[in-house]
Amino acid sequence: MATKWSTTLIPTARQAPADAVVPSHQLMLRAGLIHKLGSGVYTYLPLGLRALQKAMQIVREEMDNAGGVEILMPTLQPIELWEQTGRREAYGDNLFVVKDRHGRIQALGPTHEEIITELCGAYIESYRDLPKTLYQIQTKFRDEFRPRFGVLRSREFQMKDAYSFHLNLDGPGGLSEAYDTIYAAYCRIFERCGVPYEIVEAEAGPIGGNASHEFMVPSPTGEDFILKSDKGNYAANVEKCEIGPRPQNLEADPTGDLEAVNTPDCPGIEDVCTFFKKQLKTKLKTQNMLKTLVCKAGDTWVIGVVRGDHDLNEAKLRQAAGLGSLEMADEKEARDAGFAIGFVGPHVAVGRDDVQLFVDPDAAQGGFWVTGANQVDHHVKHFNWTREVIAAGAKVTVADIRNALDGDPSPKEDGGILQMTKGIEVGHVFKLGDKYTKALKIEVADESNERVNPIMGCYGIGVNRILASAIEREGGSDDNGIIWPTSLAPYQVVITPIKYEGQAAQVADQLAAELEAKGVDVLIDDRDERPGVKFKDADLIGIPYRITLGDKALAEQSVELKARDGSNGPKGELVKIDAVVAQLVDALK
RNA sequence: CGGGGCGUAGCUCAGCUUGGUAGAGCGCCGCGUUUGGGACGCGGAGGCCGCAGGUUCAAAUCCUGUCGCCCCGACCA
């Protein structure tokens with residue numbers, strides 16, 4: 001049955017609440033798709049739910065096509081599982097934790113690797129049971145430090161998460177095969193949803209190599225930074241993006257004698273520059289400073305040096321050091337170990353055999369450098385690599401350890417230049433390896449009856465982000481409101497009688513029934529409102545086609561058909577009543 | 001968690017500096033006139049001025065605390 005506007009709940013608004021700052025958020029509120037209950041928590045109203053369900057159904061169909069089987073796992077998860085995999089710690093405050101009446105602690109699932117792995121352990125015993133791909137579409141909870149942009153970063157959201165289990169990485173039934181299959185399914189999903197997307201390489205994790213890709217919808221409101229080569233053959237998240245070869249020169253001559261400068265209370269790069277300008281009346285640019293970051297891996301200190309205006313990429317540093325894990329050092333611990341945090345310079349490595357020193361090519365240069373003096377409240381100027389570090393007996397390794405920037409050379413070494421854009425992450429595929437099966441001690445018997453940990457892949461899609469990005473996309477909205485892709489639109493057609501009575505009401509009901517019989521979702525605006533209000537609302541909620549029933553057209557046995565995207569002209573076209581259903585069904589294919 | 005800002009009608013906001021009967025526009029209800037792109041007139045409803053203390057004869061307004069929300073930043077499978 002077609003829905004009558006008067007019976008459903010579509011609270012449209014002329015103005016968006018002041019809270020909303022990005023287009024999709026404002027329009028989802030104004031069009032009555034969602035209602036905010038608290039920070040990062042939203043009710044899906046009828047229109048929003050219908051659009052969400054359309055997206056879910058597309059995801060479901062394509063996951064099924066890709067060989068996935070649907071299950072539904074609990075939101076409430078025993079904290080012990082999270083402790084066993086070390087992720088209670090790793091997830092930290094982002095994990096919602098609740099205590100039940102018996103004092104047992106549970107996590108509200110932000111993702112389900114632990115749970116699916118436990119499930120695998122319960123029922124999958126032999127290589128004969130593999131491979132297996134299971135998925136669910138479910139509400140996830142993350143205690144985001146900063147929810148924002150409406151449903152783009154909320155604390156409670158809909159996610160499709162899939163997990164596959166395998167004995168091997170390669171070959172038939174291997175992880176890579178499932179990965180490629182789901183990768184292809186994702187392409188179909190986003191195509192069907194009508195959202196433009198780009199696939200970028202993402203941080204690979206334990207397996208390394210090409211083990212992770214993100215599906216991004218290009219948008220200025222995206223929170224992820226993507227770099228693309230202008231040659232079109234490379235795209236990566238900034239977390240992962242490699243930079244092509246850059247010249248280095250550690251042997252350059254000093255610019256002067258090393259000189260200490262008293263820089264009280266200036267631990268940061270900006271602080272020092274400001275201090276130089278205000279107190280010393282000397283101009284100092286951030287790119288003339290060396291940023292020296294202290295990281296720790298086990299008993300070894302790993303020090304990364306990048307130019308003051310660059311950002312250290314911890315994953316790159318970890319790889320350069322050949323380590324499995326690495327983190328920024330605890331400040332107190334580092335101080336106790338003799339690092340003047342905030343005032344560290346590369347020459348701190350001199351005479352210490354518990355320190356590995358790495359420098360980014362852009363920082364491995366001659367010229368005028370200011371850096372920490374390895375003494376609180378002091379910096380040095382005229383720092384020189386050869387004199388201060390190499391001749392002093394410390395070893396330094398030059399490596400790509402900083403985040404890529406707009407204009408950097410492409411790692412493909414083909415003269416390509418990296419360009420930075422922003423994107424909304426709507427999907428992520430990831431080869432996990434045996435991280436979880438190992439941590440939870442899940443084993444299956446292989447062909448020779450050896451007990452082995454299966455390897456896993458995980459594959460996520462942010463379903464409500466699909467909706468937001470459909471609105472954020474180029475052409476997803478105009479001054480009048482949303483313009484839905486037909487596949488996601490809550491209704492494909494809205495029938496707008498100028499007055500819902502007499503012949504107009506009859507024709508409206510009849511057309512609605514015929515369209516519904518053909519599988520088209522129809523909304524009838526039966527409200528007693530002025531035509532202008534109905535038109536504005538129809539535009540705002542973004543239904544792809546509007547059939548307008550007015551006296552003049554009806555007198556000619558016709559209706560007006562107007563496409564929301566303007567594709568059949570600003571005024572639409574006149575279509576005979578007995579032809580409009582066929583024409584619409586055709587257009588909606 | 002650090003910095004900044006905001007909580008007054010369903011929404012957008014004024015009023016606060018200089019304490020003295022709580023306001024506008026939109027929305028809502030009633031009546032009438034209207035009826036092809038967010039109509040008009042008249043009449044109305046609706047607020048513990050986020051909450052709790054304090055100062056004062058008197059607090060939306062000043063002070064303290066607290067909660068909520070937003071923005072920027074650090075952080076982030």
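Nothing here was measured: the structure is a model prediction, and the numbers come from that model. First the proteins, then the strands, lettered A, B, ... as listed; each starts at 1.
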Quiz prompt | B:A52 versus B:A14 - spacing of their P atoms, nearest Å | solution = 24 Å
Quiz item: Nearest nucleotide by nearest heavy atom, which residue falls closer to the 5' end of RNA chain B, A:Leu549 or A:Tyr436?
Solution: A:Leu549
Quiz item: Once you round it to whole Å, what is the distance between C1' of B:G37 and NZ of A:Lys534?
Solution: 13 Å
Exercise. Mind checking A:Met328 for me? I need base, sugar-phosphate or nothing, with any heavy atom below 4.0 Å counting as a touch.
Key: nothing
Self-check item: Partner nucleotide of B:C62 by Watson-Crick or wobble geometry (both distances under 3.5 Å)
Solution: B:G54
Practice problem: Any chance you could list the contact pattern along nucleotides 4-15 of chain B? Use B for base contacts, S for sugar-phosphate-only contacts and - for none, protein heavy atoms under 4.0 Å, 5' to 3'. | Solution: -------BSS--
Quiz item: Would you say the side-chain atoms of A:Arg564 pair up with the backbone N or O of A:Arg546, donor to acceptor, closer than 3.5 Å?
Solution: no
Quiz item: Is the distance between the ring centroids of A:Phe215 and A:Tyr183 under 6.0 Å?
Solution: yes
Exercise. Return the nearest nucleotide to the side chain of A:Phe145; candidates are B:A77, B:G36, B:C75.
Key: B:C75
Quiz item: In whole angstrom, what separates A:Asp161's CG from B:A77's C1'?
Solution: 11 Å
Practice problem: Ignoring the backbone of A:Thr548, work out which of B:C71, B:G38, B:G36 is nearest its side chain. | Solution: B:G36
Quiz item: Does B:A39 have OP1 or OP2 sitting under 4.0 Å from an N or O in the side chain of A:Arg530?
Solution: yes
Quiz item: Closer to the 5' end of RNA chain B via nearest nucleotide, is it A:Arg527 or A:Arg155?
Solution: A:Arg527
Quiz prompt | B:G27: pairing nucleotide in any strand, Watson-Crick or G-U under 3.5 angstrom | solution = none
Quiz item: Can you tell me how far SG of A:Cys120 sits from CZ of A:Phe165, rounded to the nearest 0.5 angstrom?
Solution: 4.5 Å
Self-check item: Minimum-distance nucleotide to A:Val533 side chain [options: B:A77, B:G38, B:C76]
Solution: B:G38
Exercise. Give A:Asp93 one of three labels, base, sugar-phosphate or nothing, depending on what nucleic acid heavy atoms sit under 4.0 Å from its own.
Key: nothing
Quiz item: When all nucleic acid strands are considered with a 4.0 Å heavy-atom cut-off, which category describes A:Glu144: base, sugar-phosphate, or nothing?
Solution: nothing
Quiz item: Is there a Watson-Crick or G-U wobble partner for B:C40 with both distances under 3.5 Å, and which nucleotide is it?
Solution: B:G32
Quiz item: Quantified in whole Å, what is the C1' atom distance between nucleotide B:A24 and nucleotide B:G30?
Solution: 22 Å
Quiz item: Run the salt bridge (charged side-chain N to carboxylate O under 4.0 Å, His left out) check on A:Asp309 and A:Arg402 step by step: do they pass?
Solution: CA-CA 10 Å; A:Asp309 55 330; A:Arg402 69 163 170 89; over 6 Å; no
Exercise. Could you give the distance separating B:A60 and B:G19 at their C1' atoms, to the nearest angstrom?
Key: 10 Å
Quiz item: What is the minimum heavy-atom distance between A:Leu549 and A:Leu511, and which atoms define it?
Solution: CD2-CD1, 4.5 Å
Quiz item: With both distances kept under 3.5 Å, what pairs with B:G73, Watson-Crick or G-U wobble?
Solution: B:C1
Quiz item: What's the verdict on salt bridge (charged side-chain N to carboxylate O under 4.0 Å, His left out) for A:Arg87 and A:Glu113, showing C-alpha distance, side-chain angles and the deciding distance?
Solution: CA-CA 10 Å; A:Arg87 286 219 295 174; A:Glu113 280 84 0; 2.8 Å; yes
Quiz item: For B:U34, does OP1 or OP2 lie under 4.0 Å from any side-chain N or O of A:Lys499?
Solution: no
Practice problem: May I ask you to say what A:Asp539 touches in the nucleic acid, namely base, sugar-phosphate or nothing, with a heavy-atom cut-off under 4.0 Å? | Solution: base
Practice problem: Give one of base, sugar-phosphate or nothing for A:Lys36, where a contact means two heavy atoms less than 4.0 Å apart. | Solution: sugar-phosphate
Practice problem: Whole angstrom is fine here: how far is it from CG in A:Asp311 over to C1' in B:C75? | Solution: 13 Å
Quiz item: Quantified in whole Å, what is the C1' atom distance between nucleotide B:C28 and nucleotide B:U12?
Solution: 16 Å
Quiz item: Does the side chain of A:Glu201 come under 3.5 Å of the side chain of A:Ser212 through a donor N or O and an acceptor N or O?
Solution: no
Self-check item: Between B:G27 and B:A45 - C1' atom distance, rounded Å
Solution: 13 Å
Quiz item: What residues form a ring-ring contact (aromatic ring centres under 6.0 Å, His included) with A:Trp82, not counting sequence neighbours?
Solution: A:Tyr91
Self-check item: C1' gap between B:C29 and B:G10, integer Å
Solution: 14 Å
Quiz item: Nearest to the side chain of A:Arg142 - B:G37, B:C71, B:A77?
Solution: B:A77
Self-check item: Interatomic distance where OH belongs to A:Tyr42 and C1' belongs to B:C69 [whole Å]
Solution: 11 Å
Self-check item: Whole-angstrom distance between B:C16 and B:U56, as gauged at atom P
Solution: 24 Å
Self-check item: Test item: side-chain donor near acceptor, A:Thr111 and A:Lys140, under 3.5 Å
Solution: no
Quiz prompt | B:G37 base / A:Arg14 side chain donor-acceptor hit below 3.5 Å | solution = no
Self-check item: Identified pairing partner of B:G68, criterion: Watson-Crick or G-U wobble below 3.5 Å
Solution: B:C6
Self-check item: Residue-phosphate contact under 4.0 Å: A:Arg148 side-chain N/O, B:C71 OP1/OP2
Solution: no
Review item, side-chain donor-acceptor pairs of residues 523-537 of chain A, under 3.5 Å, at least two apart:
residue: A:Asp525; atom: OD1; partner: A:Arg527; partner atom: N; Å: 3.3
residue: A:Asp525; atom: OD1; partner: A:Arg527; partner atom: NE; Å: 2.9
residue: A:Asp525; atom: OD2; partner: A:Arg527; partner atom: NH2; Å: 3.1
residue: A:Asp526; atom: OD1; partner: A:Trp5; partner atom: N; Å: 3.3
residue: A:Asp526; atom: OD1; partner: A:Ser6; partner atom: N; Å: 2.9
residue: A:Asp526; atom: OD1; partner: A:Ser6; partner atom: OG; Å: 3.3
residue: A:Asp526; atom: OD2; partner: A:Ser6; partner atom: OG; Å: 2.6
residue: A:Arg527; atom: NH1; partner: A:Asp537; partner atom: OD2; Å: 3.1
residue: A:Arg527; atom: NH2; partner: A:Asp537; partner atom: OD2; Å: 3.1
residue: A:Lys534; atom: NZ; partner: A:Pro497; partner atom: O; Å: 2.9
residue: A:Lys534; atom: NZ; partner: A:Asp525; partner atom: O; Å: 3.2
residue: A:Lys534; atom: NZ; partner: A:Arg527; partner atom: O; Å: 2.9
residue: A:Asp537; atom: OD1; partner: A:Thr12; partner atom: OG1; Å: 3.0

Quiz item: Could you state the CG-P distance from A:Asp537 to B:C26, rounded to the nearest angstrom?
Solution: 17 Å
Self-check item: Between B:G4 and B:A77 - P atom distance, rounded Å
Solution: 29 Å
Quiz item: To the side chain of A:Tyr91, which of B:G27, B:A77, B:G37 is closest?
Solution: B:A77
Self-check item: Separation of B:G36 C1' from A:Lys536 NZ (nearest whole Å)
Solution: 13 Å
Practice problem: Go through the N and O atoms of the side chain of A:Glu529 and the base of B:G38, and report whether any donor-acceptor pair is under 3.5 Å. | Solution: no
Practice problem: Indicate whether OP1 or OP2 belonging to B:C70 is found under 4.0 Å from a side-chain N or O atom of A:Ser39. | Solution: yes
Self-check item: Integer-rounded Å distance: B:U35 P and A:Asp551 CG
Solution: 12 Å
Quiz prompt | A:Asp528 CG - B:U34 C1' separation (whole Å) | solution = 12 Å
Quiz item: Checking ring-ring contact (aromatic ring centres under 6.0 Å, His included) for the pair A:Tyr42/A:His25: CA distance, chi angles, key distance, verdict?
Solution: CA-CA 11 Å; A:Tyr42 294 87; A:His25 189 197; 5.8 Å; yes
